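For clarity, every value in this text was computed on a predicted model and none was experimentally measured. Any value given below was found using the heavy atoms of this structure, including those in side chains, with hydrogens, waters and symmetry copies removed. Letters A, B, ... are given to chains in the order of the sequence lines, protein chains preceding strands, and every chain is numbered from 1.
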2 protein chains.
Amino acid sequence: MPRAGLDPAAVVAAAAALADEVGFAHLTMGLLAERVGVRTPSLYKHVGGQEDLNRRIAALAMSEAADAVGGAVQGYAGRDALAAAARAFRAFVLEHPGRYAATIGVEPADRDDPMAVASRRLLGAFRAVLRGYETPESDVDHALRMLRSLCHGFATLQAADGFQWSADIDESFEWLIAFADRGLRAVAAPEVSSPAPPR
Amino acid sequence: MPRAGLDPAAVVAAAAALADEVGFAHLTMGLLAERVGVRTPSLYKHVGGQEDLNRRIAALAMSEAADAVGGAVQGYAGRDALAAAARAFRAFVLEHPGRYAATIGVEPADRDDPMAVASRRLLGAFRAVLRGYETPESDVDHALRMLRSLCHGFATLQAADGFQWSADIDESFEWLIAFADRGLRAVAAPEVSSPAPPR
DNA sequence: GCTTCTGGCTAACAAGATTAGCCAACGGGG
DNA sequence: CCCCGTTGGCTAATCTTGTTAGCCAGAAGC
């Protein structure tokens, strides 16, 4: 029996690709074994089991997302950077729905968990976007959570086919980018915001 | 052997409650059977299987969310309505993480699917919020998707412990409501938005 | 060439979902 | 009140999937 030449990284990469193809929920050890040309139990020589595999897929996905967003932002600032980051993030989730799904519900064990490291990297990419808006320090954390919620929410809802009604989805996403852009500019310069009614 | 007096609604309600307690991923037919005081195979007299059960839990959750948001909005308009809707939605997800998790990744079969009906009801509640902002008809669909993405994203990220860093989460959510409020007012009256720099 | 470690394999087991088939309990009509 | 059909429970058995145990060949270093 010739060796298959596997290692943990190759197994995880194959698992992530398979998850993108068949959906994270349908990713099974048997299917993965077949894909990499090995019997099921052999996988356990490389990963600790399904739980461990999920965590590794999640870490890979988060790291790739951070690369995608970080790379897309390079050389842009302000609205252009925001648009590039948001589009890159959504594109990543839509191209890799399976591996991104693995990130949902995985809480990192500690700060050195690869998943936690990758999450911080992704966050850093979004933080770079905010620098172009000169967001006040006191608002940065909130704005980051807002951006992450918007992107995560939109992408996962679309990936899950959660938008049933008919308006054009790409158009909605561009509208959303414009909305966030206007809002972030207002945060940086609150004095120009519309005069609030008594309430 | 005395009858347990079950029916599909009771089984689904018990399953939803159990999912909230142990987490949707740990909801098992055996656990559910134990909870309702019956042997596992008996459940199949009331629901078609795990897939069917998940869909029913999702429909229940969506319907309850619609009720919560719809009820919270009553009697408010503008920013108050927006805040009430957003808080009600988030509170629902945090109080019922298990059943809400069931809604992720369930795409309704057709327009009469209970899940689809409930989703439209939830959407209607958010649409009512927009009426208070006099959002132009052409922007309503986009704004609805934005609101849904924001609320869904924030609530699911928090439920999954996805916000690792330290800033206060309630405070972030209130900030987010204020952000959406300012933005929606600007959509209704675009002439007061901050003048964009040339780029 | 020997030895050691690694990565494959088969066999076996455990947990969970599901199906088949039986039988008691409830409910309505004689 | 009794009969009978339907319903909802049960046990037993099957299938899928994850996982562990234990064996053995191939690769790598001496």
Undergrad: Please produce a list of atom pairs where a protein N or O lies less than 3.5 Å from an N or O of nucleotides 13-15 of chain D.
TA:
none

Undergrad: Between A:Leu32 (CG) and D:dT19 (C1'), how many Å, whole number?
TA: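 Whole-Å distance recorded here is 15 Å.
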Undergrad: How many whole angstroms separate atom CD of A:Gln50 from atom P of C:dG16?
TA: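 That distance rounds to 13 Å.
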Undergrad: Starting from C1' on C:dC26, measure out to CG on B:Asp7 and report it in whole angstrom.
TA: 16 Å
Undergrad: Assuming nearest nucleotide by heavy-atom distance, tell me which of A:Lys45 and A:Thr40 is located more 5' along DNA chain D.
TA: A:Thr40
Undergrad: Rounded to whole Å, please give me the gap between CG in A:Leu27 and P in D:dT16.
TA: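 Whole-Å distance recorded here is 18 Å.
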Undergrad: Compute whether any side-chain donor of one residue and acceptor of the other, for A:Glu171 and B:His142, lie under 3.5 angstrom apart.
TA: yes
Undergrad: For D:dG9, does either OP1 or OP2 sit under 4.0 Å from a side-chain N or O belonging to B:His46?
TA: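 The answer is yes; a side-chain N or O of B:His46 sits under 4.0 Å from OP1 or OP2.
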Undergrad: Can you check the B:Leu43 CG to C:dA17 P distance for me, whole Å?
TA: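 Result: 10 Å.
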Undergrad: Do you know which two heavy atoms are closest between A:Pro97 and A:Asp20, and how far apart they sit?
TA: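 Residues A:Pro97 and A:Asp20, closest heavy atoms: N-OD1, 3.6 Å.
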Undergrad: Under 3.5 Å, is there a donor-acceptor pair between the A:Tyr133 and A:Asp181 side chains?
TA: yes
Undergrad: Identify the heavy atoms of A:Ala61 and A:Arg99 that sit nearest to each other, and give their distance.
TA: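 In terms of heavy atoms, the two residues are closest at CB-O, 3.4 Å.
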Undergrad: Rounded to whole Å, how long is the line connecting atom CE of A:Met29 with atom P of C:dA15?
TA: 18 Å
Undergrad: In whole angstrom, what separates B:Leu6's CG from C:dC26's P?
TA: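 Distance check: B:Leu6 CG to C:dC26 P gives 14 Å.
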Undergrad: Quick one: B:Arg39 CZ to D:dA12 C1', roughly how many Å, whole number?
TA: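 The answer, rounded to whole Å, is 12 Å.
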Undergrad: Is the distance between the ring centroids of A:His96 and A:Phe92 under 6.0 Å?
TA: yes
Undergrad: A:Ser42 near the nucleic acid: base, sugar-phosphate alone, or nothing, with a heavy-atom cut-off under 4.0 Å?
TA: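 Base, at least one base atom sits under 4.0 Å.
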Undergrad: Using a strict cut-off of less than 4.0 Å between a Lys/Arg side-chain nitrogen and an Asp/Glu carboxylate oxygen, indicate whether B:Arg90 and B:Asp170 qualify as a salt bridge.
TA: yes
Undergrad: Under the ring pair (Phe, Tyr, Trp, His ring centres under 6.0 Å) test against B:Phe154, which residue among B:Trp175, B:Phe173, B:Phe179 passes?
TA: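 Only match with B:Phe154 under ring pair (Phe, Tyr, Trp, His ring centres under 6.0 Å): B:Phe173.
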